[in-house]
Amino acid sequence: DFEGNAAVLRGAPKKDILKRFLPLFFDERDFVAYGEVLRFVLIKGDCCFVFTEQDDPSPVYAIPLDEVYAIMEDAKRPDKFSVTISPTSNKNMSKDDLKTVLFKYKKDSSQAFQFTFNTHSDKSLAKRFLDTVERCSSGQDNKGPVRASVMHAKDVGAVAEKGQPTI
(Lines give C-alpha, C1' and ligand atoms only; values in the text may rest on other atoms or scores of the structure.)
Protein backbone atom coordinates (compact mmCIF):
# COMPACT_ATOMS: atom_id res chain seq x y z
CA ASP A 1 0.00 0.00 0.00
CA PHE A 2 2.70 2.52 1.06
CA GLU A 3 6.29 2.45 2.24
CA GLY A 4 8.85 5.16 2.72
CA ASN A 5 11.01 7.10 5.16
CA ALA A 6 9.71 9.84 7.43
CA ALA A 7 10.60 11.62 10.63
CA VAL A 8 8.07 10.21 13.11
CA LEU A 9 7.08 11.60 16.49
CA ARG A 10 4.43 10.20 18.81
CA GLY A 11 2.00 12.48 20.62
CA ALA A 12 2.46 16.16 21.32
CA PRO A 13 5.34 17.70 23.27
CA LYS A 14 4.56 18.51 26.87
CA LYS A 15 4.23 22.21 27.63
CA ASP A 16 5.67 23.42 30.91
CA ILE A 17 3.80 25.85 33.14
CA LEU A 18 5.37 28.94 31.55
CA LYS A 19 4.37 27.86 28.03
CA ARG A 20 0.82 27.19 29.18
CA PHE A 21 0.20 30.35 31.18
CA LEU A 22 2.47 32.86 29.41
CA PRO A 23 2.34 31.75 25.78
CA LEU A 24 3.11 35.22 24.48
CA PHE A 25 6.59 35.07 26.03
CA PHE A 26 7.30 31.34 26.13
CA ASP A 27 5.65 29.94 23.00
CA GLU A 28 8.79 28.96 21.13
CA ARG A 29 8.06 25.79 19.16
CA ASP A 30 9.95 22.62 20.00
CA PHE A 31 12.22 21.34 17.25
CA VAL A 32 14.25 18.25 16.39
CA ALA A 33 16.62 17.26 13.58
CA TYR A 34 15.11 15.14 10.78
CA GLY A 35 17.78 12.44 11.09
CA GLU A 36 17.22 11.99 14.83
CA VAL A 37 13.67 10.71 14.36
CA LEU A 38 13.95 9.18 10.87
CA ARG A 39 11.96 5.94 10.63
CA PHE A 40 10.68 3.53 7.99
CA VAL A 41 6.90 3.70 7.54
CA LEU A 42 4.74 0.95 6.06
CA ILE A 43 0.98 0.94 5.53
CA LYS A 44 -0.52 -2.48 5.03
CA GLY A 45 -4.26 -3.06 5.19
CA ASP A 46 -5.78 -0.82 7.83
CA CYS A 47 -2.62 -0.45 9.91
CA CYS A 48 0.38 1.87 9.75
CA PHE A 49 3.65 0.38 10.99
CA VAL A 50 6.68 2.42 12.06
CA PHE A 51 10.06 0.68 12.11
CA THR A 52 13.39 2.03 13.31
CA GLU A 53 15.06 0.64 10.17
CA GLN A 54 13.63 -0.82 6.96
CA ASP A 55 14.90 -4.33 7.72
CA ASP A 56 13.79 -4.47 11.39
CA PRO A 57 11.76 -7.62 12.17
CA SER A 58 9.12 -5.86 14.26
CA PRO A 59 7.67 -2.34 14.36
CA VAL A 60 8.19 0.28 17.04
CA TYR A 61 4.57 1.40 16.57
CA ALA A 62 1.49 -0.19 15.02
CA ILE A 63 -1.22 2.40 14.44
CA PRO A 64 -4.77 1.20 13.68
CA LEU A 65 -5.92 3.61 10.98
CA ASP A 66 -9.57 3.36 12.02
CA GLU A 67 -8.71 5.24 15.25
CA VAL A 68 -7.08 8.28 13.62
CA TYR A 69 -7.60 10.80 10.85
CA ALA A 70 -4.81 12.44 8.88
CA ILE A 71 -4.31 16.07 7.90
CA MET A 72 -1.59 17.83 5.93
CA GLU A 73 -0.04 20.52 8.10
CA ASP A 74 0.12 24.06 6.73
CA ALA A 75 3.83 24.97 6.92
CA LYS A 76 3.05 28.67 7.28
CA ARG A 77 0.57 28.06 10.12
CA PRO A 78 1.81 24.93 11.90
CA ASP A 79 -0.37 23.06 14.36
CA LYS A 80 0.32 24.22 17.92
CA PHE A 81 0.91 20.62 19.00
CA SER A 82 3.39 19.69 16.27
CA VAL A 83 7.18 19.91 16.41
CA THR A 84 9.34 21.75 13.89
CA ILE A 85 11.58 19.28 12.06
CA SER A 86 15.00 20.60 10.97
CA PRO A 87 14.23 24.31 11.21
CA THR A 88 15.80 26.83 8.84
CA SER A 89 18.27 29.43 10.11
CA ASN A 90 16.79 32.25 12.18
CA LYS A 91 13.26 30.87 11.87
CA ASN A 92 11.54 28.08 13.69
CA MET A 93 9.97 26.74 10.49
CA SER A 94 10.80 23.52 8.69
CA LYS A 95 12.72 23.59 5.43
CA ASP A 96 10.61 23.98 2.29
CA ASP A 97 11.09 20.38 1.13
CA LEU A 98 9.81 18.90 4.41
CA LYS A 99 6.05 18.19 4.45
CA THR A 100 4.21 17.07 7.58
CA VAL A 101 1.15 14.87 7.97
CA LEU A 102 -0.48 14.78 11.40
CA PHE A 103 -2.50 11.90 12.82
CA LYS A 104 -5.21 13.06 15.20
CA TYR A 105 -7.30 10.70 17.33
CA LYS A 106 -10.90 10.55 16.15
CA LYS A 107 -12.20 10.39 19.72
CA ASP A 108 -10.85 13.79 20.86
CA SER A 109 -8.73 15.31 18.04
CA SER A 110 -5.57 15.18 20.17
CA GLN A 111 -2.32 14.58 18.34
CA ALA A 112 -1.44 10.92 17.93
CA PHE A 113 1.58 11.03 15.59
CA GLN A 114 3.50 13.38 13.34
CA PHE A 115 5.06 12.19 10.06
CA THR A 116 7.44 14.53 8.26
CA PHE A 117 8.58 13.57 4.76
CA ASN A 118 11.58 14.85 2.84
CA THR A 119 10.05 15.65 -0.55
CA HIS A 120 13.23 16.92 -2.20
CA SER A 121 13.46 14.01 -4.66
CA ASP A 122 9.76 13.04 -4.68
CA LYS A 123 7.33 15.95 -4.38
CA SER A 124 4.32 13.61 -4.11
CA LEU A 125 5.56 11.51 -1.18
CA ALA A 126 3.58 13.18 1.64
CA LYS A 127 0.44 13.43 -0.52
CA ARG A 128 0.65 9.74 -1.47
CA PHE A 129 0.99 8.86 2.22
CA LEU A 130 -2.03 11.00 3.10
CA ASP A 131 -4.10 9.51 0.25
CA THR A 132 -3.16 5.97 1.29
CA VAL A 133 -4.11 6.63 4.91
CA GLU A 134 -7.47 8.08 3.86
CA ARG A 135 -8.19 5.18 1.51
CA CYS A 136 -7.17 2.48 4.00
CA SER A 137 -8.89 4.04 7.02
CA SER A 138 -12.16 4.50 5.15
CA GLY A 139 -12.33 0.82 4.18
CA GLN A 140 -12.06 1.54 0.44
CA ASP A 141 -9.06 -0.79 0.27
CA ASN A 142 -10.87 -3.59 2.11
CA LYS A 143 -13.06 -4.81 -0.73
CA GLY A 144 -12.58 -8.34 -2.00
CA PRO A 145 -10.59 -11.16 -0.45
CA VAL A 146 -8.12 -10.34 2.31
CA ARG A 147 -4.55 -11.03 1.25
CA ALA A 148 -2.30 -13.18 3.43
CA SER A 149 0.13 -10.28 3.88
CA VAL A 150 -2.69 -8.11 5.26
CA MET A 151 -3.71 -10.85 7.70
CA HIS A 152 -0.08 -11.15 8.83
CA ALA A 153 0.16 -7.35 9.15
CA LYS A 154 -2.95 -7.30 11.37
CA ASP A 155 -1.47 -10.02 13.60
CA VAL A 156 1.87 -8.18 13.89
CA GLY A 157 -0.01 -4.94 14.56
CA ALA A 158 -2.08 -6.49 17.35
CA VAL A 159 1.05 -7.82 19.07
CA ALA A 160 2.97 -4.53 18.63
CA GLU A 161 0.04 -2.45 19.87
CA LYS A 162 -0.04 -4.39 23.15
CA GLY A 163 3.64 -3.68 23.78
CA GLN A 164 3.84 -0.01 22.86
CA PRO A 165 3.74 2.56 25.64
CA THR A 166 0.69 4.74 26.10
CA ILE A 167 0.83 8.52 26.09
Side-chain angles (χ1 to χ4, degrees), residues 1-14 29-75 78-79 81-88 93-106 110-142 146-167:
D1 298 42
F2 176 90
E3 59 182 61
N5 292 310
V8 181
L9 296 169
R10 183 171 187 198
K14 302 288 184 224
R29 290 177 50 79
D30 292 319
F31 63 90
V32 66
Y34 181 80
E36 288 181 48
V37 290
L38 185 62
R39 305 288 182 257
F40 180 74
V41 179
L42 170 71
I43 296 177
K44 194 73 172 165
D46 60 355
C47 204
C48 178
F49 300 96
V50 179
F51 297 85
T52 304
E53 300 285 336
Q54 183 172 349
D55 56 356
D56 281 352
S58 59
V60 178
Y61 302 116
I63 308 160
L65 295 176
D66 61 346
E67 295 178 7
V68 296
Y69 63 92
I71 56 171
M72 185 74 73
E73 182 176 55
D74 180 352
D79 188 282
F81 297 111
S82 70
V83 173
T84 302
I85 305 293
S86 293
T88 58
M93 294 180 67
S94 292
K95 296 175 183 168
D96 290 338
D97 56 358
L98 296 178
K99 303 296 179 209
T100 297
V101 175
L102 301 174
F103 278 9
K104 302 279 188 171
Y105 287 111
K106 288 180 180 177
S110 64
Q111 186 162 307
F113 287 86
Q114 173 178 333
F115 296 83
T116 301
F117 296 90
N118 185 339
T119 60
H120 179 73
S121 52
D122 181 357
K123 301 288 185 214
S124 68
L125 187 61
K127 178 74 167 110
R128 284 189 295 117
F129 175 77
L130 181 65
D131 291 345
T132 303
V133 169
E134 289 174 349
R135 188 179 68 248
C136 291
S137 65
S138 70
Q140 293 176 12
D141 242 20
N142 300 333
V146 178
R147 299 172 299 203
S149 62
V150 173
M151 292 298 291
H152 178 68
K154 286 182 182 244
D155 293 342
V156 169
V159 171
E161 190 176 13
K162 287 178 188 171
Q164 63 195 27
T166 56
I167 297 175

Quick one: list whatever passes side-chain contact (heavy atoms from CB on, under 4.5 Å) with D74, sequence neighbours left out.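 With neighbours one apart ignored, the set is K76, R77.
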
Applying ring pair (Phe, Tyr, Trp, His ring centres under 6.0 Å), name anything that partners F103, two or more places apart in sequence or on another chain.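 By the ring pair (Phe, Tyr, Trp, His ring centres under 6.0 Å) rule, F103 matches F115, F129.
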
Partner set under side chain to side chain donor-acceptor pair (under 3.5 Å) for [X], not counting sequence neighbours:
X    : answer
K127 : D131
S110 : D108
Y69  : S109

Is [Y] close to [X] at the side-chain level, that is, under 4.5 Å between some pair of heavy atoms?
X    : Y    : value
Q114 : T100 : yes
V8   : F113 : yes
I71  : V101 : no
V41  : F49  : no
E67  : K106 : no
N5   : N118 : no

Salt bridge (Lys or Arg N to Asp or Glu O under 4.0 Å) against D97, all qualifying residues, sequence neighbours excluded: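 So D97 forms no salt bridge (Lys or Arg N to Asp or Glu O under 4.0 Å) with any residue.
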
Regarding E73 and S82, is there a side-chain donor-to-acceptor distance under 3.5 Å anywhere?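 Yes, S82 and E73 have a side-chain donor paired with an acceptor closer than 3.5 Å.
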
All pairs passing salt bridge (Lys or Arg N to Asp or Glu O under 4.0 Å) where residues 49-63 contributes a residue, at least two apart: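 The answer is none; no pair qualifies.
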
For residues 32-43, which residue pairs qualify under salt bridge (Lys or Arg N to Asp or Glu O under 4.0 Å), counting only residues two or more places apart or in two chains?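 Every pair satisfying salt bridge (Lys or Arg N to Asp or Glu O under 4.0 Å) with a residue in residues 32-43: there are none.
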
So, taking the atom named [atom1] in [X] and the one named [atom2] in [Y], what distance separates them when rounded to the nearest 0.5 Å?
X    : Y    : atom1 : atom2 : answer
R128 : K123 : CZ    : NZ    : 13.5 Å
R135 : D46  : CZ    : CG    : 12.5 Å
L38  : T116 : CG    : OG1   : 10.5 Å
Q111 : F81  : CD    : CZ    : 8.5 Å
L130 : F117 : CG    : CZ    : 9.0 Å

For M72 and L102, what are the C-alpha separation, side-chain angles and deciding distance, and is it a side-chain contact (heavy atoms from CB on, under 4.5 Å)? CA-CA 6 Å; M72 185 74 73; L102 301 174; over 6 Å; no

Does the pair D66 and S137 meet the rule for a side-chain contact (heavy atoms from CB on, under 4.5 Å), with working shown? CA-CA 5 Å; D66 61 346; S137 65; 5.8 Å; no

Looking at every heavy atom in both L9 and I85, which two are closest together, and how far apart are they?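 For L9 and I85, the tightest heavy-atom pair comes out as CD1-CD1, 3.9 Å.
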
At their closest point, which heavy atom of C136 faces which heavy atom of L65, and how far apart are they?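 Nearest pair, atom of C136 first, then L65: CB-CD1, 3.8 Å.
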
